[in-house]
Amino acid sequence: MSLIRKPLNRRSILRAGAMGGAALATPTVFTSSAWSAPYLNEPKGGEVTFGFNVPQTGAYADEGADELRAYQLAVKHINGEGDGGMLNTFSSKALGGNGVNGKKVAYVTGDTQTKSDAARASAKRMIEKDGAIMITGGSSSGVAIAVQSLCQEAGVIFMAGLTHSNDTTGKDRRANGFRHFFNTEMTGAALAPVLKNAFGTDRKAYHLTADYTWGWSQEGSIKKYTEALGWNTVAAVRTPLGAGDFSQYLTPVLNSGADVLVLNHYGKDMVNSLTQAVQFGLREKQVNGKQFEIVVPLFSRLMAQGAGDAIKGIFGSTNWNWSLQDEGSQAFVKSFGQEYGFPPSQAAHTCYAQAILYADACQRAGTFEPCAVAAALEDYEFDGLGNGPTLYRGADHQCFKDVLVVKGKENPSSQFDLLEVVEITPRAQVEYAPDMEDVKGDLGTCNNGA
Amino acid sequence: MATQTSPMRDYIFFAVFAVAVLTMPVWLEPIGAGYPDLLQKFAIFGLFATGFNLLFGLTGYLSFGHAAFLGVGSYTAVWTFKLLGMNPIPAAIMAVIASGLFALAIGYVSLRRSGIYFSILTLAFAQMSYNLAYSVLTPITNGETGLRVLQSDPRLFDGSTESDGPLLSNLFGIEMTGYAGFYFCAVVLLIGFFIAQRIFRSPFGIMLRAVKTNQNRMTYTGLNPRPYTLAAFVISGMYAGLAGALMCITDPLAGAERMQWTASGEIVLMTILGGAGTLLGPIFGAALIKYFENIFSAFNEQTLHEIFGFLPDWIEYPIVSVSSLFVGEGWHLTLGVLFMLIVIFLPGGLMEGIARIRKLFRRKPGKAEPSGAAAPAE
């Protein structure tokens, strides 16, 4: 301060302050790696960092915890620890259990809180601070879409976790985003024939829908396919995410004249709404001379566990279930069980598969450069990851594979054996054109962040 | 702390503050906070807290609904992007105007009551806005999914020139992400801080303090406090709206969860944690909470093992298992403990802590004014 003591006036002080600030700020421009590397977060040294962005709090926390376990297991297997899991059954043999492209895989984690803002902040931290080359995870379509567009802007690959809305690879599809999980369109196509056989073609449906992109998408798909069967939709009511108490939404169902209740809920919401619907005695009711039925289009073993007896006999669809007998599923269940002592959920399975698919694509491309990796994933045919032969379609970055239609088991043999596979709907039956009316979108061009 | 004020000291103080803010990327690097996204959050929430403090710190009116103005600012900014173009300046101006008008409406009603009734009224209005954004206003707000800028939007001024690249806010060619985004937010924070400093020192600020001290006496002397409190409320709402706009400028997405009551509570926490009624306190509080949220929540057992790795295993494992309760998803717990400690032992917030430490050092050299001391924090 002694330098500027003499002509101490406002101007000189402001000038000195501004100049000092500018001078001190300059070096940061050069330390920012985005300026020098040919692509963002190019791994230097012997490690490459993946970013696992999962909900650790909120309505989807159970799924998030299972996803994180699966990611940690996948990293172990990629680095050559453990028994190798599905790497042994995977049709591509590029990964040799010594990391990816000769680099050991490290990871950072973050909490999405099932909120778009928090998820984006956490993804940004991983990209900007921790140097993550790829972001994966998410257990909500709203979050997945928000993080996917962030990754597109930043220039890293996004491997979507559990996200079921059509929009993720439909109207909000992005060149840097990839999804292994199925979507509501496939659920509708797979579930409708089963519902027709079980409940007939003359039914009145009442929807309770989680009020965000996934709920809207699923409501739309189920309406589309059930109305094609001849069902009527009496009403579709939107409920806020994480509502907890659904009784105010269930009371009107009783007097609506509907004989099927479709619960477009997931996670803790579904556990609560289903349990409350059963407590209201909906399943014992006779309406229009027919037995009242409840359908939960998307459910998982974790939710079945939460819902307890309420889930028995309820129809739904799922991406994968641990009871599948193919080689890949068996290998995964075995190594997950050895590590954690219980079988994995569908969320864990899709996240594990995504991590393996990404690592494999990097190995095949010989680089981590996002656009080269994306090219290696596009139109890639593979097998041995638990869903039979699967295609990563290049036109919308969506995986196409068989869909499971399941029912809550009446007599479970263990606390995990809760779902009974009613039908495995073949891939051909759930395929749709990438430019179909409901899912039209624009991928844009791949961004490597350089 | 506000014992000796003079225009000169204020300018020096402001200059030191400006240098500190602009050099944040350098001196926050060692504690792992020197990356653009968190720096942007520091600046944005610092501005938000500064504005909130103009109301709560000066007049003592505790608003529990300030997140609503943040949300209104966010939505206005995104709509400005959608309709006019990606330049941040119109977005910021529109957001300030919209949130100001909104604050005028809410303030006009709520300020008829004071104390707890005022808090509950603002809370009710904020919760109403949140639920409206979620349900009835879905066509405007896009509900839970959040409002985004799409390629198909009209964007009057730059819609035609856009290629298919990512849609980012863009100040005459400089993309408002990364460090550029931070410096934009930092400059806005400095402007906001300067205005707040002027208000603190102005006759208007004295009037606001008078409202806090004794409103009855003020009325007896023939002064109507309502216009002053309403003005403070509107200004404070504008700050919140501007902060909301900045959030969208650095990341063009607006979601309803920004308006939830927890977000309103967070800003109250920030202000109290830092020290209500002081200029710097709320900014410290905002930075502290955002630091916890982003850095502590990312610690997992792996990181803890690295930190405590130098200890022998039989000490390391218990320490890691106990401390892992306080990091990761347990960061709220740490924050809660810290908040309790501060409220119990330092009711004036962090600023009181700093003042006490300064007093300790000042007493030793005697009563003489330490002329050569480093520029004071306040």
Side-chain angles (χ1 to χ4, degrees), chain A residues 1-2 8-10 13-14 16-18 20-22 24-25 27-29 31-32 34 56-57 61 68 107-111 113 115-118 120-122 124-130 141-142 145-146 149-150 152-155 167 172 210-213 215-216 238 240-241 442 444-445 447, chain B residues 7-8 11-12 14-27 29 32-38 40-41 131 134-135 138 142-146 148 151 163-168 177-179 183 247 251 253 255 257-258 293-295 297-298 300 302-303 328-329 331-332 372 374-375:
Chain A
M1 285 296 150
S2 61
L8 191 63
N9 58 35
R10 187 180 60 96
I13 291 166
L14 284 179
L24 280 162
T28 59
V29 174
T31 51
S32 162
Q56 297 173 351
T57 47
L68 200 53
Y107 64 89
V108 289
T109 57
D111 182 6
Q113 302 174 27
K115 291 180 189 163
S116 307
D117 267 356
R120 280 170 78 105
S122 141
K124 273 190 178 172
R125 171 183 56 78
M126 296 188 211
I127 296 170
E128 291 175 356
K129 171 166 173 271
D130 304 320
S141 294
I145 289 169
S149 60
L150 173 87
Q152 176 74 44
E153 284 155 21
D167 294 348
D172 290 311
D211 195 4
Y212 74 106
T213 169
W216 308 334
R238 305 275 163 91
L241 183 65
D442 183 19
T445 47
N447 177 15
Chain B
M8 186 58 73
Y11 285 126
I12 295 176
F14 181 73
V16 172
F17 177 73
V19 172
V21 167
L22 293 173
T23 54
M24 276 204 309
V26 181
W27 59 267
E29 189 65 48
Y35 67 98
D37 182 56
L38 188 55
Q40 290 164 8
K41 292 267 151 44
N131 281 322
Y134 237 131
S135 52
T138 307
N142 204 18
E144 162 82 23
T145 315
R148 283 168 307 137
Q151 292 290 358
S163 62
D164 62 345
L167 277 168
L168 297 169
T177 52
Y179 284 103
Y183 281 111
M247 286 173 89
D251 187 359
L253 173 119
E257 70 250 17
R258 273 180 204 169
E293 182 180 329
N294 285 281
I295 305 296
S297 71
N300 46 31
Q302 199 191 6
T303 341
E329 56 199 88
W331 70 271
H332 281 113

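Residue numbers start from 1 in every chain, and the chains themselves are labelled A, B, ... in the order their sequence lines are given, proteins ahead of strands.
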What closest approach, in Å, do [X] and [Y] show between heavy atoms, and which atom pair accounts for it?
| X | Y | answer |
| --- | --- | --- |
| A:Glu128 | B:Asp37 | OE1-N, 2.6 Å |
| A:Ser116 | B:Glu257 | N-OE2, 3.0 Å |
| B:Leu253 | A:Arg120 | CD2-CD, 3.9 Å |

TODO: Give, as side chain, backbone, both or neither, the part of A:Arg238 having an atom under 4.5 angstrom from any heavy atom of chain B.
DONE: neither

Task: Contact class of A:Asp130 relative to chain B, heavy atoms under 4.5 angstrom - done: neither

- [ ] Could you go through the side chain to side chain contact (heavy atoms under 4.5 Å, CB included) check for A:Thr213 and B:Asn142 one step at a time?
- [x] CA-CA 9 Å; A:Thr213 169; B:Asn142 204 18; over 6 Å; no

Open item on the list: Need one label for B:Met24: side chain, backbone, both or neither, based on atoms under 4.5 Å from any heavy atom in chain A.
Closed with: neither

Task: Heavy-atom contact with chain A under 4.5 Å, split by part of B:Glu293 - done: side chain

- [ ] Calculate, to the nearest 0.5 Å, the distance between atoms CD1 and CZ belonging to A:Ile145 and B:Arg148 respectively.
- [x] 6.5 Å

TODO: With rounding to the nearest 0.5 Å, note down the distance linking CG in B:Asn294 to NZ in A:Lys129.
DONE: 9.5 Å

- [ ] Among A:Lys115, A:Gln113, A:Met126, single out the residue with the greatest number of heavy-atom pairs under 4.5 Å to chain B.
- [x] A:Lys115

